[in-house]
Amino acid sequence: MALHKGQGEEERRLPFSPLHVLTDPLGAMQLAPALHRLPQVPVPPDVAYQLIHDELMLDGNARLNLATFVTTQMDEHADRLMSECRDKNMIDKDEYPQTAELERRCVAILADLWHAPDPAAAVGCSTTGSSEACMLAGMALKRRWTARNADRYAAGARPNLVMGVNVQVCWEKFCNFWEVEARLVPMEGERFHLSAEEAVAHCDENTIGVVGILGSTFDGSYEPIAEICAALDAFQERTGLDVPVHVDGASGGMVAPFLDPELVWDFRLPRVASINTSGHKYGLVYPGVGWALWRDGAALPEELVFKVNYLGGEMPTFALNFSRPGAEVVAQYYAFLRLGFTGYRAVQQACRDVAGYLVKEIAGLGPFRMITKGDQLPVFAFTTTDGCPFDVFDVSRRLRERGWQVPAYSFPEGRTDLAVLRVVCRNGFTRDLADLLLADLRRLLPELERQPAPLSELGMPRRSGFHH
């Protein structure tokens, strides 16, 4: 359901260039089509295109959007493949068996990359993104807990899910939609994500699982997955409670295997039951595709998998969405095939190198304090030093004048006093673009330093640019 509300329509002249409507220039310039209801008559395709094209010029430049984790650049061959597959429905596996085969290969590649005990036995599927993948993983955790605690659940026991307050909003949505208590561990001091100690402290007999984030959207840091699993191992020895872990690797799941191979966070840890990632983030594919994988069939309750036969053959399906594009899945397989392990490593290392360069240069400017250094995800956060006559919201607002979208936002519960800027270094954000960002930042600083105080203290509202 759209959240936009229509506005009152009135007759508007259409100030359109006659050059675009050569067959009937005067007729096409009489009245503009309605915006919030269907026009009464068709609009010529070139006119419709130009109207929409012109409006979209007001959107930001995706390449300069340093807020989003989502891929903004693929090569022409990927574009061609996606165009060729734009009419394929991913759910129609009987009609499009080779697209289904490419999906199966992608699951096998990820299972191998994430060290599943038996990649051939790992269970997984593509999704529209990590948000859907997280919903599926959460449903599996709840169903497994419910099966183990059927009598207590029937008697009113309320399941809970333990996670840091820094989780992506999809986890709070999951808990709301599926009636699970969200046990959000607040930040404290310089701890900006979940710790092993805090994870265990919030677990009890009603805990369906612990969510560990491999790459926090707030600052780019990895949560200590191995430490959390070790603490839960000790917790099981003391209490007998077996609490599984889901790893939200929306970004880090496609970074750590290539840049941090010694980091143990995946299915090498027996307590990790499931992992998700976003193919459209550091998986290097346009939106929207995500992936959800389970260690084995036992981790995904069979009753959650539905079988349908009205598409031409009996096909298992486990997803919130039914019909969805197959083009992004094909593009994911293309990226895997095109780049291979060394290609992905080169791309992600280039992103991390740019992040490290920016961290060093921004720290040297004087009025900023770095919160993270971009040495985990190629993402870093920084804030202003004490006594600055400007704040991070002023910096974000001024950078946007030059087209840069650098989000400014306050941290959540436990550190609401801390407001930061965050920069996401993605494929396509080159050293040259980083230098242009630095040049603009240096150019703005003298003006910002002449302010009497941060504009938020002078009555201007703090406008957050954080939506990812």
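Scope of the values below: all heavy atoms of this structure, side chains included, with no hydrogens, waters or symmetry mates. Residues take their numbers from the sequence shown, with the count starting at 1.
- Aromatic pair Phe218/Phe192: ring centres not closer than 6.0 Å.
- Between the side chain of Arg63 and the backbone N or O of Gly428, at least one donor-acceptor pair lies under 3.5 Å.
- Residue pairs meeting the salt bridge (charged side-chain N to carboxylate O under 4.0 Å, His left out) criterion with at least one member in residues 227-236, sequence neighbours excluded: Asp233-Arg271.
- What you find for Val247 and Leu214 is that their closest heavy atoms are CG1-CB, 4.1 Å.
- Scanning all heavy atoms of the two residues, the minimum distance from Leu418 to Val420 falls at CG-CG1, 3.9 Å.
- Side-chain atoms of Phe368 and Val395, non-hydrogen and from C-beta on, do get closer than 4.5 Å to each other.
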Next on the checklist: Leu304 vs Arg143, test: side chain to side chain contact (heavy atoms under 4.5 Å, CB included). Steps then yes/no.
Outcome noted: CA-CA 8 Å; Leu304 291 177; Arg143 189 59 61 92; 3.8 Å; yes
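- A 4.5 Å side-chain heavy-atom check between Val162 and Val211 finds every atom pair outside the cut-off.
- With sequence neighbours excluded, no residue satisfies salt bridge (charged side-chain N to carboxylate O under 4.0 Å, His left out) with Glu262.
- By the neighbour-count criterion of 12 heavy atoms within 6.0 Å, atom CG of Asp151 is sparsely surrounded, having that number or fewer from other residues, nucleotides or ligands.
- The ring pair (Phe, Tyr, Trp, His ring centres under 6.0 Å) test applied to Phe390 returns no partner, not counting sequence neighbours.
- A donor-acceptor pair under 3.5 Å is absent between the side-chain atoms of Asn149 and the main chain of Arg152, judged by distance alone.
- Of the possible donor and acceptor atoms, one in the side chain of Glu223 sits under 3.5 Å from a partner among the backbone N and O of Leu194.
- Every residue two or more places apart in sequence or in another chain that forms a side-chain hydrogen bond (donor to acceptor under 3.5 Å, both in side chains) with Ser323 is listed here: Asn89.
- Counting only residues at least two apart or in different chains, side-chain hydrogen bond (donor to acceptor under 3.5 Å, both in side chains) contacts with residues 108-123 comprise His115-Asp266, His115-Arg268.
- The environment of CZ in Arg400 is sparse: at most 12 heavy-atom neighbours from other residues, nucleotides or ligands sit within 6.0 Å.
- A ring pair (Phe, Tyr, Trp, His ring centres under 6.0 Å) check over residues 134-169, counting only residues at least two apart or in different chains, returns the pairs Trp145-Tyr153.
- Residues meeting the side-chain hydrogen bond (donor to acceptor under 3.5 Å, both in side chains) test with His202, sequence neighbours left out: none.
- The stretch residues 223-262 participates, sequence neighbours left out, in these ring pair (Phe, Tyr, Trp, His ring centres under 6.0 Å) pairs: Trp171-His246, Phe258-Phe341, Phe258-Tyr344.
- Within 6.0 Å of the CZ atom in Arg402, the count of heavy atoms belonging to other residues, nucleotides or ligands does not exceed 12.
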Next on the checklist: Between Leu241 and Cys203, does the side chain to side chain contact (heavy atoms under 4.5 Å, CB included) criterion hold? Intermediate values first, please.
Outcome noted: CA-CA 9 Å; Leu241 298 174; Cys203 289; over 6 Å; no
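- Of the inter-residue distances, the one linking Met163 atom CE with Cys175 atom SG reads 3.5 Å to the nearest 0.5 angstrom.
- Each salt bridge (charged side-chain N to carboxylate O under 4.0 Å, His left out) pair with one or both residues in residues 160-181, not counting sequence neighbours, appears once here: Glu181-Arg183.
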Checklist entry - Going through the distances and angles, do Glu132 and Arg324 end up as a salt bridge (Lys or Arg N to Asp or Glu O under 4.0 Å)? => result CA-CA 12 Å; Glu132 182 187 0; Arg324 56 187 173 85; 5.1 Å; no
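- Between Met187 and Glu413, every side-chain heavy-atom pair lies at or beyond the 4.5 Å cut-off.
- Because its NZ or CZ atom is not both nearer than 6.0 Å to the ring centre of Tyr282 and within 45° of the ring axis, Arg426 does not count as a cation-pi partner of that residue.
- In this structure a side-chain-to-backbone donor-acceptor pair under 3.5 Å is missing from Ser130 to Ala133.
- A 4.5 Å side-chain heavy-atom check between Pro325 and Arg86 finds every atom pair outside the cut-off.
- Nearest heavy atom pair, residue Val107 against residue Leu293, reads O-CD2, 3.7 Å.
- Contact of the Arg105 side chain with the Tyr333 side chain is registered, since non-hydrogen atoms from C-beta on lie closer than 4.5 Å.
- Using modelled atom types and a 3.5 Å distance limit, the side chains of Asp248 and Asn276 yield a donor-acceptor pair.
- More than 12 heavy-atom neighbours from other residues, nucleotides or ligands sit within 6.0 angstrom of CD on Gln73.
- Among residues two or more places apart in sequence or in another chain, the side-chain hydrogen bond (donor to acceptor under 3.5 Å, both in side chains) test is passed with Tyr96 by none.
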Cut-off 3.5 Å, no hydrogens considered: what does the side-chain donor-acceptor table look like for residues 369-382, sequence neighbours left out?
from	atom 1	to	atom 2	distance (Å)
Thr372	OG1	Asp219	O	2.7
Thr372	OG1	Ala381	N	3.0
Gln376	OE1	Tyr222	N	2.7

Checklist entry - Between Leu56 and Ile52, does a side chain to side chain contact (heavy atoms under 4.5 Å, CB included) hold up when you go through it step by step? => result CA-CA 6 Å; Leu56 290 176; Ile52 297 170; 3.9 Å; yes
Checklist entry - What do the steps show when you test Glu103 against Ser126 for side chain to side chain donor-acceptor pair (under 3.5 Å), and what is the final call? => result CA-CA 7 Å; Glu103 179 189 34; Ser126 64; 2.6 Å; yes
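- Looking at Asp353 and Gln349, their side chains come closer than 4.5 Å, going by heavy atoms from C-beta outward.
- Rounded to the nearest 0.5 Å, atoms CZ (Arg431) and CG (Leu438) are 9.0 Å apart.
- Side chain of Arg295 to backbone of Pro117: no donor-acceptor contact under 3.5 angstrom is found.
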Item to check | Test side chain to side chain donor-acceptor pair (under 3.5 Å) applied to His193 and Ser221, step by step | outcome: CA-CA 8 Å; His193 56 225; Ser221 61; 2.9 Å; yes
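- Scored by the side-chain hydrogen bond (donor to acceptor under 3.5 Å, both in side chains) test, Gln348 finds no partners at all (sequence neighbours excluded).
- Using a 4.5 Å heavy-atom cutoff, the side chains of Thr416 and Ser410 are not in contact.
- Here the side chains of Pro454 and Phe393 are not in contact, with every heavy-atom distance at 4.5 Å or above.
- In plain terms, the two heavy atoms of Val210 and Ala199 that are nearest each other are CG1-CB, 4.3 Å.
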